[in-house]
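The block underneath contains the structure these notes are about, expressed in structure tokens.
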Amino acid sequence: LLLQSTPATSIPTVQVQGQQMNLQPPAYTAASQHAEQMKKPGQNFMCLWQSCKKWFQTPSQVFYHAATEHGGKDVYPGQCLWEGCEPFQRQRFSFITHLQDKHCSRDALLAGLKQDEHGQAGNQKPSNK
């Protein structure tokens, strides 16, 4: 079989100029925030630990989750990584108390969510100097 009557180089190539694939890259920055959309009805409290964003029904569920998943003796990083918190070095028991007082009260959790909604675009408010 002699099918090579034309040299391989003469095969016309399709010119795609001007058609530079105008596909937007996937909005991967938004993807991390879509994890929080896996919220079930009745879940109004979110764990705002560094990139956790899990939803819970009650503040005490958030506290239990954060104390065990983020503050457990094998996982606690030695400081609070809650969004917007000062990362001071803390002993684990001190951290658990801090978590309950500062982050897992109903008011603190709701306030944190409001900040989170407004802060998505960029946490820096323009300074009016």
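Keep in mind the model is a prediction, meaning the values are calculated, not measured.
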Requested in this report: Please work out which of the three classes, parallel, tilted or perpendicular, describes the rings of His103 and Trp82, given edges at 30° and 60°.
Outcome: parallel
Requested in this report: Fit a plane to each ring of Trp49 and His70, take the angle between them on a 0 to 90° scale, and name the class: parallel (under 30°), tilted (30 to 60°) or perpendicular (over 60°).
Outcome: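 Parallel, since the angle between the ring planes stays under 30°.
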**Report entry** Full working for side chain to side chain contact (heavy atoms under 4.5 Å, CB included) between Trp55 and Met46
**Finding:** CA-CA 4 Å; Trp55 286 98; Met46 184 198 286; 3.3 Å; yes
Query raised in the report: How would you list, by chain and number, every residue that makes a side chain to side chain contact (heavy atoms under 4.5 Å, CB included) with Ala108, sequence neighbours excluded?
Result: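 For Ala108, the residues satisfying side chain to side chain contact (heavy atoms under 4.5 Å, CB included) (neighbours in sequence not counted) are Ser105.
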Give the minimum heavy-atom separation between [X] and [Y], together with the two atoms involved.
{"X": "Leu99", "Y": "Ala67", "answer": "CD2-N, 3.6 Å"}
{"X": "Leu113", "Y": "Asn44", "answer": "CD1-O, 3.3 Å"}
{"X": "Thr68", "Y": "Val75", "answer": "O-CG2, 3.9 Å"}

**Report entry** Gln43 and Gln57: side chain donor to acceptor below 3.5 Å
**Finding:** no
Mark yes or no for whether [X], through its side chain, and [Y], through its backbone, hold a donor-acceptor pair below 3.5 Å.
{"X": "Glu69", "Y": "Ala66", "answer": "no"}
{"X": "Gln100", "Y": "Thr97", "answer": "no"}
{"X": "Arg106", "Y": "Pro59", "answer": "no"}

Measure the [atom1]-[atom2] distance between [X] and [Y] for me, rounded to the nearest 0.5 Å.
{"X": "His98", "Y": "Cys85", "atom1": "NE2", "atom2": "SG", "result": "3.5 Å"}
{"X": "Leu81", "Y": "Cys52", "atom1": "CG", "atom2": "SG", "result": "11.5 Å"}
{"X": "Cys47", "Y": "His65", "atom1": "SG", "atom2": "NE2", "result": "3.5 Å"}
{"X": "Phe56", "Y": "Lys39", "atom1": "CZ", "atom2": "NZ", "result": "13.5 Å"}

Requested in this report: Go through the steps for Gln79 and Arg90 under the test side chain to side chain contact (heavy atoms under 4.5 Å, CB included), then give the verdict.
Outcome: CA-CA 5 Å; Gln79 58 196 39; Arg90 283 187 177 87; 5.8 Å; no
Query raised in the report: Should Phe88 and Cys80 count as side-chain neighbours, where that means a heavy-atom distance under 4.5 Å?
Result: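 They are not in side-chain contact.
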Query raised in the report: Would you say Gln89 has more than 12 foreign heavy atoms packed within less than 6.0 Å of its CD?
Result: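 More than 12 heavy atoms, drawn from other residues, nucleotides or ligands, come within 6.0 Å of this atom.
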Requested in this report: Please lay out, stage by stage, how Leu110 and Phe45 fare under the test side chain to side chain contact (heavy atoms under 4.5 Å, CB included).
Outcome: CA-CA 7 Å; Leu110 292 172; Phe45 300 98; 3.8 Å; yes
Query raised in the report: Would you call Glu83 and Lys53 a salt bridge, taking side-chain N to carboxylate O under 4.0 Å as the test?
Result: yes
Requested in this report: Starting from the C-alpha separation in whole Å, work towards a yes-or-no answer on side chain to side chain contact (heavy atoms under 4.5 Å, CB included) for Phe63 and Gln61.
Outcome: CA-CA 5 Å; Phe63 171 65; Gln61 286 176 338; over 6 Å; no
